[in-house]
Amino acid sequence: MTSLDPRTRFSLAGKTALITGGSRGLGLEMARGFAAAGANLIIASRKLEACEEAARAIAATGAKVMPLATHVGDWDSLEPLSEQAWAAFGGIDVLVNNAGMSPVAPSLVETSERLFDKVIGVNLKGPFRLSALIGSRMQEGRGGSIINISSTGAIRPQPHSAPYAAAKAGLNAITIAFAFAYGPSVRVNGIMAGPFETDIAKTWSDEEKQAYTTRSGSALRRLGRPDEIVAAALYFASDASSYTSGAIMRVDGGLP
Ligand SMILES: NC(=O)c1ccc[n+]([C@@H]2O[C@H](COP(=O)([O-])OP(=O)(O)OC[C@H]3O[C@@H](n4cnc5c(N)ncnc54)[C@H](OP(=O)(O)O)[C@@H]3O)[C@@H](O)[C@H]2O)c1
């Protein structure tokens with residue numbers, strides 16, 4: 001009989017998680033939360049120093065943490081990344097495609113091809129390639145869990161960030177496709193984040209922030225603290241979600 005003890009169901013003891021964009025924001029909070037649940041980690045983002053700093057802080061709690069520099073929009077660099085990460089710990093049990101960015105163009109017609117390609121590259125192309133590389137190896141081996149960090153923008157597209165919304169909607173689509181491709185041993189799920197107070201939020205005007213804090217703006221009338229993403233990610237990463245795949249959960253303070 002399966003244990004109902006949450007300390008067992010949500011445990012990541014003996015597991016290894018690769019978190020892209022794990023150096024700050026939501027990714028860093030998930031890294032800290034996974035380490036607290038017993039996981040070893042690979043933290044990957046563009047700036048190696050930032051990954052090293054995060055790795056040092058988390059390793060002080062007892063977890064093994066490997067920092068790696070990567071640009072997730074660079075297709076060819078993702079195979080060496082997954083090889084290196086796989087070899088370092090003898091496998092990966094959890095992949096979190098979290099690295100993302102949402103630069104805003106002055107208008108749709110002023111959106112450059114370069115910006116469009118960059119947004120699609122980081123938010124969709126990279127997660128596709130990494131999920132294929134790591135998911136296929138998980139399927140051949142001991143299985144695993146893939147978590148895609150999407151955005152409520154995917155289902156509530158705003159004109160100022162249309163390419164981002166399209167990329168995240170695409171991420172939702174491949175979440176379901178990969179769940180079918182690599183199931184039953186690999187589970188693939190997504191989290192659509194709402195407005196969280198990370199570095200991304202520093203670019204928002206007070207007016208934009210206030211829009212979320214009114215009665216009609218969101219049920220909880222506030223922005224999310226970065227650590228409030230962790231429980232949902234831990235659910236998908238662990239055996240607690242053993243009968244959940246292809247699901248996309250909103251963690252957004254109750255946007256209308
Ligand atoms: N915060 C929100 O309100 C919100 C809302 C909806 C969805 N999301 C999604 O949540 C995820 C995390 O967002 P966040 O708010 O935590 O962002 P953040 O604070 O800006 O952190 C982004 C992380 O991704 C890394 N990163 C950025 N571009 C990268 C690239 N090309 N290759 C590898 N790593 C890269 C950054 O490190 P480096 O700079 O070192 O590369 C950093 O670790 C994103 O996918 C975002 O779209 C956030």
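Fair warning: this is a prediction, and the values are worked out from it, not measured in the lab. Numbering of ligands and ligand atoms starts at 1, following listing order.
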Student: Could you work out, for atom 41 (O) of ligand 1, the closest of R46, H71, K202 by heavy-atom distance?
Tutor: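 The residue whose heavy atom sits nearest atom 41 (O) of ligand 1 is R46.
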Student: Does S150 approach ligand 1 within less than 4.0 angstrom via side chain, backbone, both or neither, non-hydrogen atoms only?
Tutor: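 Near ligand 1, S150 shows its backbone, while the atoms from C-beta on stay back.
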Student: What's the verdict on side-chain contact (heavy atoms from CB on, under 4.5 Å) for S145 and M138, showing C-alpha distance, side-chain angles and the deciding distance?
Tutor: CA-CA 8 Å; S145 166; M138 286 173 167; 6.0 Å; no
Student: How far is atom 17 (O) of ligand 1 from its nearest protein heavy atom, and which residue and atom name does that atom have?
Tutor: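 Scanning the protein heavy atoms, the shortest distance from atom 17 (O) of ligand 1 goes to I200 CD1, 3.5 Å.
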Student: Is there a polar contact between ligand 1 and T152, counting only N or O atoms under 3.5 Å apart?
Tutor: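 So ligand 1 has no N or O lying under 3.5 Å from an N or O of T152.
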Student: Which heavy atom of the protein is the closest neighbour of atom 20 (O) of ligand 1, given with residue, atom name and distance?
Tutor: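 Scanning the protein heavy atoms, the shortest distance from atom 20 (O) of ligand 1 goes to R24 NH1, 3.0 Å.
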Student: Yes or no: does I149 have any heavy atom under 4.0 Å from an atom of ligand 1?
Tutor: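 Heavy atoms of I149 do come under 4.0 Å of ligand 1.
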Student: Mind running side-chain contact (heavy atoms from CB on, under 4.5 Å) on L255 and Y212 for me, showing each step along the way?
Tutor: CA-CA 8 Å; L255 295 183; Y212 297 116; 3.7 Å; yes
Student: Could you tell me whether the side chains of Y182 and S131 share a donor-acceptor contact shorter than 3.5 Å?
Tutor: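 No - no donor-acceptor pair under 3.5 Å links their side chains.
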Student: Tell me which one of A99, G126, A201, G194 gets a heavy atom nearest to atom 4 (C) of ligand 1.
Tutor: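 Result: the heavy atom closest to atom 4 (C) of ligand 1 is in G194.
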Student: Between T198, V96, T203, which one has a non-hydrogen atom sitting closest to atom 15 (O) of ligand 1?
Tutor: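 It is T198 whose heavy atom sits nearest to atom 15 (O) of ligand 1.
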Student: Can you tell which part of P195 has a heavy atom less than 4.0 Å from ligand 1: side chain, backbone, both or neither?
Tutor: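 Answer for P195: backbone.
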Student: For E197, is the nearest heavy atom under 4.0 Å from an atom of ligand 1?
Tutor: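 It does not; every heavy atom stays at 4.0 Å or beyond.
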Student: Can S241 and R187 be said to form a side-chain contact (heavy atoms from CB on, under 4.5 Å), step by step?
Tutor: CA-CA 9 Å; S241 60; R187 295 177 296 101; 2.5 Å; yes
Student: Looking only at the side chains, is there a donor atom on one of N98 and T20 sitting less than 3.5 Å from an acceptor on the other?
Tutor: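 Their side chains do not contain a donor-acceptor pair, so the 3.5 Å distance test is not met.
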Student: If you measure every N/O of F196 against every N/O of ligand 1, is any gap under 3.5 Å?
Tutor: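 F196 vs ligand 1: N/O contact under 3.5 Å present.
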Student: Please confirm whether Y212 comes under 4.0 Å of ligand 1, counting heavy atoms of the residue only.
Tutor: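 In this structure, Y212 fails to qualify as a contact of ligand 1 - no heavy atom is under 4.0 Å.
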Student: Say you draw a straight line from OG of S245 to CZ of F178; how long is it, rounded to the nearest 0.5 Å?
Tutor: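 Result: 12.5 Å between the selected atoms.
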Student: For ligand 1, which part of N98 has a heavy atom less than 4.0 Å away: the side chain, the backbone, both, or neither?
Tutor: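 Looking at N98 and ligand 1, atoms from backbone and side chain both fall under 4.0 Å.
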